[in-house]
**Q** 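The structure that follows is given in the form of structure tokens.
Every chain is numbered from 1, with letters handed out A, B, ... down the list of sequences. As the structure is a computational prediction, the values presented were derived from the model and not from experiment.
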Amino acid sequence: MSATELVTQSRERESSQLKKPELLAPAGNLEKLQFAVRYGADAVYIGGQQYGLRAKAGNFSFEDMAQGVEFAKAHGAKVYVAANIIAHNEDLSGVKDYFKTLQKIGVDAVIVADPAIIELGREAAPDLDMHISTQASITNWKAIQFWAKEGIPRVVLAREVSLEEIKEIKRHVDIEVEAFIHGAMCISYSGRCVLSNHMTARDANRGGCAQSCRWHYELYGDERISQDGIPFTMSAKDLSMVEHIPLMIKAGVDSLKIEGRMKSIHYIATVCNVYRQVIDSYCADPQNFKLREEWIDEIWKAAQRSLSTGFYFGDPTAQDQLFGKPEQLPRYDFAALVLDYDPTTQVATLQQRNNFGVGDEVEFFGPDFHRFKQKVTQIWDEDNLPIDRAPHPMMTVKMKVEQPVKPFDMMRKRK
Amino acid sequence: MKTKPELLVTAKDLEEMGRLLDAGADAFSIGHQRYGLRVAGDFELPQIEEAVKLAHQRQAKVYVSVNALFHNDVIKLLPDYLKQLEQIGVDAIVFGDPGVLMTVWEIDSKLRLHWNTETTSTNYETVNYWAKKGASRAIVARELSLDNVLKIKAKTNIEIQAQVHGMTCIFHSARRLVRNYMQHINEEGRTDLEAGLYLKETKREESHHPIYEDMNGTHIMSSEDICMLEHLPAFIDGNVDSLKIEGLFKTTAYLEQVVRIYREAIDTYCADPEKFQTKLNDWLHVIHSIQPAERRLGTGFYFKEQIY
């Protein structure tokens with residue numbers, strides 16, 4: 001090989017290393033799907049009425065799913081459906097019909113954990129791609145080679161894998177690798193915990209998880225070890241890789257995944273928005289990339305717990321867990337959605353999503369990351385009559401805004 | 001005469017293995033924590049070789065656990081390890097990670113394969129999937145009803161192994177959760193298997209979950225011990241191939257008695273089902289008399305409804 005060829009090859013490698021990864025977001029229902037896509041997700045994952053692990057998430061009817069797929073396609077985004085339960089005998093009979101319908105609806109892939117579902121699903125819907133879920137706890141490249149041989153185009157890594165391990169994995173496999181970058185985490189190996197089954201007879205691996213890991217326990221040896229007021233518990237801080245996205249991209253992760261099909265619209269929009277900024281900004285100019293304070297500031301507005309980097313930089317310690325009383329993080333509500341804006345009067349038309357009124361401190365933000373804070377000074381109802389508060393869900397309100405806003409911008413308010 | 005299932009028990013060392021052979025065990029589950037999950041004691045290769053010799057002299061079998069969730073560093077050691085296990089002549093390896101299967105194929109190993117992912121082995125389609133990949137036995141999850149265990153057996157052509165006695169693992173984390181907690185409260189102490197630590201759920205005074213750490217992270221065990229002695233006929237009539245007694249956290253003396261009783265129970269039922277019923281109470285009486293006070297005996301999920 002000539003020197004020029006070598007250089008070209010190494011350049012290609014460099015640029016291929018910088019392949020822009022997919023930003024994958026959760027969507028508990030059709031509206032959340034639309035927000036996720038508008039706020040920057042390249043792909044969303046959703047649950048149907050069966051075989052998913054979030055029995056309590058809104059979940060999609062086939063009709064909603066079809067609408068979601070149509071919306072996503074129109075915006076150049078993909079839709080994956082989670083069917084990642086660990087099935088028992090009685091769950092098997094409907095799998096084929098379910099997959100046939102998913103294929104007809106045109107979803108881009110199904111996320112699965114149980115080979116039974118792979119086998120039955122494949123028989124029914126041979127053209128439907130399947131991704132192996134994090135529930136399968138894939139922690140090494142050889143396991144991924146197995147799934148590649150089985151015709152699987154993508155695996156979701158276990159949360160226990162480090163960045164160094166991901167690099168090694170990527171050197172050994174040629175299928176896509178998806179990894180979590182943000183959200184709540186199982187503190188156990190996913191799929192290898194039946195605490196909930198034992199504590200509450202709810203099957204964790206079929207969507208019934210009661211989060212018994214976050215309960216309080218007393219630790220005993222010969223005598224009690226745990227102390228009053230500080231019970232033993234196994235509550236992981238939430239994952240956030242917002243400060244380390246360049247490392248994830250350089251490691252070659254193909255899809256960066258945000259957890260949270262149960263999370264609010266405010267959460268999804270805020271988190272997608274930030275990661276969209278980070279990924280785009282880094283990929284546009286890796287050399288001059290700088291982490292911006294406002295991204296981190298923004299991420300914390302959606303935080304439900306303290307944040308940690310999980311296993312990416314080595315084994316988590318006591319600092320990556322939560323002990324004692326619940327934290328008091330500032331929490332924000334989705335107060336209103338911008339429907340329209342009149343630049344001449346500087347009045348925005350809003351749809352109320354949570355109670356707000358004159359005197360409240362609010363903040364506007366939108367998919368372009370334009371943000372500003374202001375005090376609510378004047379609001380009017382639909383008949384242009386001045387009002388003090390907007391108490392009714394979904395009511396249309398007009399409001400004087402200090403900077404221009406656009407439809408689909410959001411207004412948040414501290415709880 | 002009914003077909004006798006295999007009576008399988010864990011062993012923590014060679015000495016215990018010898019005594020459990022005398023007590024009537026047909027097969028042993030052993031291994032090393034570098035490769036296997038929650039082994040009763042660590043067997044290095046020379047000990048595994050001894051174990052195989054000892055067992056084979058007595059027509060018993062040795063299965064070696066290679067069922068850890070492997071990270072890249074250990075997956076590299078597998079080709080060598082598996083070659084050596086094959087050379088030693090172990091009767092099967094127990095695996096969960098498909099990386100093990102890939103390795104077996106790559107080195108063209110003739111090792112027999114038992115599939116065991118514990119919590120995620122819950123239906124016959126999945127068992128048949130791994131059978132197609134070469135598994136000759138599947139170990140079923142403990143979170144299954146007895147009906148479902150028997151249904152799996154009826155719908156598959158490979159061997160099925162189910163646990164009939166002892167505790168079960170209910171949680172496995174790669175994190176050092178006990179060490180982390182102790183650090184948080186400024187305590188020091190051992191966290192290994194022998195440390196004898198356990199958890200009580202704050203709202204359930206009677207709960208007693210052993211917890212320990214090893215190379216694979218943190219393990220939490222069930223609060224009760226399964227005891228399916230009186231239901232052995234259902235397993236035997238359902239053609240379950242192997243019945244396992246889990247010896248983790250049990251003394252050799254306890255295991256000896258339990259193995260002896262299950263041995264006698266299996267032999268009795270297969271020869272004369274009626275006699276099994278007449279002797280059952282005596283056996284149960286003995287088990288209850290040696291059962292540690294803090295460990296309730298129960299039937300696990302075999303007769304328990306779960307919701308989700």
Side-chain angles (χ1 to χ4, degrees), chain A residues 55 86-89 91-92 113-116 118-120 137 139-143 145-147 158 160-161 165 168-169 187-189 191-195 197-199 201-203 205-208 213 215-222 225-227 230-232 234 311 315-318 321 323, chain B residues 69-72 74-75 78 97-103 117-120 122-126 128-130 143-144 148 151-152 155 170-185 187 189 195-202 209 211 217 220 222-223 301 304-308:
Chain A
I86 303 300
H88 286 214
N89 294 335
D91 303 315
L92 299 172
D114 187 335
I118 300 178
E119 290 281 273
L120 294 169
S137 278
T139 45
N140 65 75
W141 50 265
K142 206 133 223 175
Q145 288 181 343
F146 171 87
W147 292 116
E160 287 76 12
V161 173
E165 288 175 327
E168 195 180 347
I169 283 171
I187 200 158
S188 67
Y189 277 110
R192 300 300 183 98
C193 170
V194 286
L195 275 183
N197 306 49
H198 279 257
M199 304 293 172
R202 297 166 60 92
D203 189 352
N205 289 329
R206 285 190 288 174
C213 54
W215 294 5
H216 291 169
Y217 299 86
E218 299 295 340
L219 177 66
Y220 285 85
D222 292 333
I225 297 168
S226 45
Q227 297 172 358
I230 322 174
F232 179 91
M234 301 177 287
F311 285 75
D315 285 348
T317 66
Q321 284 177 242
F323 295 104
Chain B
L69 293 145
F70 293 104
H71 285 250
N72 296 341
V74 183
I75 207 88
L78 279 186
D97 191 321
V100 175
L101 209 47
M102 283 296 286
T103 311
T117 52
E118 301 207 338
T119 52
T120 67
T122 50
N123 69 73
Y124 56 84
E125 277 287 346
T126 300
N128 286 332
Y129 176 89
W130 295 111
E143 294 75 32
L144 287 180
N148 265 333
K151 192 163 184 190
I152 289 174
K155 293 220 172 203
I170 66 172
F171 173 96
H172 176 200
S173 172
R175 302 182 191 223
R176 300 294 167 99
L177 296 168
V178 184
R179 188 195 61 187
N180 290 352
Y181 174 71
M182 285 187 174
Q183 249 170 34
H184 182 73
I185 60 168
E187 280 284 335
L197 303 179
Y198 64 95
L199 296 178
K200 247 186 215 305
E201 205 242 292
T202 324
H209 295 279
I211 181 169
I220 302 176
S222 60
S223 190
F301 286 92
K304 187 148 90 182
E305 286 278 333
Q306 290 179 86
I307 52 163
Y308 55 94

**Q** Name the member of B:M182, B:Q306, B:H172 that forms the most heavy-atom pairs with chain A at distances under 4.5 Å.
**A**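 The option with the most such pairs is B:H172.
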**Q** Show, in sequence, the C-alpha distance, side-chain angles and deciding distance for A:Q321 and B:Q183, and conclude whether the side chain to side chain contact (heavy atoms under 4.5 Å, CB included) test is met.
**A** CA-CA 11 Å; A:Q321 284 177 242; B:Q183 249 170 34; over 6 Å; no
**Q** Could you tell me whether the side chain of B:N123 reaches within less than 4.5 Å of the side chain of A:D91, counting heavy atoms only?
**A** no
**Q** With side chain to side chain contact (heavy atoms under 4.5 Å, CB included) as the test, pick out the partner of A:L219 among B:L177, B:I185, B:V178.
**A**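 Single side chain to side chain contact (heavy atoms under 4.5 Å, CB included) partner of A:L219 among B:L177, B:I185, B:V178: B:V178.
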**Q** After noting the C-alpha distance and the side-chain angles of A:L92 and B:Y124, does the key distance pass the side chain to side chain contact (heavy atoms under 4.5 Å, CB included) rule?
**A** CA-CA 9 Å; A:L92 299 172; B:Y124 56 84; 3.7 Å; yes
**Q** Can you measure from CZ (B:F171) to CG (A:L195) and round to the nearest 0.5 angstrom?
**A**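 These two atoms lie 6.0 Å from each other.
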**Q** Given A:I86 and B:T119, is the side chain to side chain contact (heavy atoms under 4.5 Å, CB included) satisfied, shown in steps?
**A** CA-CA 9 Å; A:I86 303 300; B:T119 52; over 6 Å; no
**Q** Who among B:T117, B:L101, B:L144 has the most heavy-atom pairs with chain A under 4.5 Å?
**A** B:T117
**Q** How close do A:I187 and B:S173 get, heavy atom to heavy atom, and via which atoms?
**A**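 Result for this residue pair: O-OG, 2.6 Å.
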**Q** How about A:M234 and B:N180: do any of their side-chain heavy atoms sit closer than 4.5 Å?
**A**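 A side-chain contact is absent here, since even the closest heavy-atom pair is not under 4.5 Å.
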**Q** At what distance, to the nearest 0.5 angstrom, does NZ of A:K142 lie from CE of B:M102?
**A**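 Result: 6.5 Å between the selected atoms.
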**Q** So which heavy atom on B:T120 is nearest to which on A:G191, and how close?
**A**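 Nearest heavy atoms, B:T120 then A:G191: CG2-O, 3.5 Å.
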**Q** Residues in side chain to side chain contact (heavy atoms under 4.5 Å, CB included) with A:F311, at least two apart?
**A** A:E160, A:D315, A:P316, B:A174, B:R175
**Q** Pick from A:N89, A:V161, A:V194: which one has the most heavy-atom pairs with chain B under 4.5 Å?
**A** A:N89
**Q** How far does CZ of A:R206 sit from CD1 of B:I307, to the nearest 0.5 angstrom?
**A** 10.5 Å
**Q** For A:H198 versus B:S222, what's the shortest heavy-atom pair and its separation?
**A** CE1-CB, 3.8 Å
**Q** Against chain A, work out which of B:E118, B:K304, B:K200 has the most heavy-atom pairs shorter than 4.5 Å and name it.
**A**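 Heavy-atom pair counts peak at B:K200.
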**Q** Give, as side chain, backbone, both or neither, the part of B:I75 having an atom under 4.5 angstrom from any heavy atom of chain A.
**A** side chain
**Q** Using the six-membered ring wherever Trp is involved, compare the ring planes of B:W130 and A:F146 and label them parallel, tilted or perpendicular (cut-offs 30° and 60°).
**A**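 Plane angle under 30°, so parallel.
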**Q** Taking C-beta and beyond as the side chain, do A:H88 and B:K151 meet within less than 4.5 Å on heavy atoms?
**A** no
**Q** In terms of heavy-atom pairs under 4.5 Å with chain B, which of A:C213, A:A113, A:S137, A:S226 leads?
**A** A:S226
**Q** A:E119 versus chain B, heavy atoms under 4.5 Å apart: side chain, backbone, both or neither?
**A**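 Side chain only.
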**Q** Go through the steps to decide whether B:E143 and A:N197 satisfy the test side-chain hydrogen bond (donor to acceptor under 3.5 Å, both in side chains), and finish with yes or no.
**A** CA-CA 8 Å; B:E143 294 75 32; A:N197 306 49; 5.8 Å; no
**Q** Report yes if some heavy atom in the side chain of B:L69 is under 4.5 Å from a heavy atom in the side chain of A:R192; otherwise report no.
**A**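 Result yes, sub-4.5 Å side-chain heavy-atom pair found.
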**Q** Quick one: CD1 on A:I169 to NE2 on B:H71, what's the gap to the nearest 0.5 Å?
**A**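 Rounded to the nearest 0.5 Å, the CD1-NE2 separation comes out at 9.0 Å.
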**Q** Please identify, among A:D222, A:I230, A:I118, A:N205, the residue contributing the most non-hydrogen atom pairs under 4.5 Å to chain B.
**A** A:I230
**Q** Evaluate the ring planes of A:F232 and B:Y181, with Trp represented by its six-membered ring, and classify them as parallel (under 30°), tilted (30 to 60°) or perpendicular (over 60°).
**A** perpendicular
**Q** Counting only heavy atoms closer than 4.5 Å, note whether B:D97 contacts chain A via side chain, backbone, both or neither.
**A**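 For B:D97, side-chain heavy atoms alone lie under 4.5 Å from chain A.
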**Q** To the closest 0.5 Å, what do you measure between OH (A:Y217) and OG1 (B:T202)?
**A** 8.0 Å
**Q** Find out whether B:N72 and A:W141 are in side-chain contact, i.e. whether some heavy atom of one side chain is under 4.5 Å from a heavy atom of the other.
**A** yes
**Q** Which atoms of B:I211 are under 4.5 Å from chain A, going by heavy atoms: the side chain, the backbone, both sets, or neither?
**A**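 B:I211 touches chain A through side-chain heavy atoms alone.
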**Q** Atom CG in A:N140, atom OG1 in B:T103: separation rounded to 0.5 Å?
**A** 8.0 Å
**Q** Side chain, backbone, both or neither: which part of B:V74 has an atom under 4.5 Å from a heavy atom of chain A?
**A** neither
**Q** Do you know the tightest heavy-atom contact between A:A87 and B:T122?
**A**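 The answer is O-OG1, 2.5 Å.
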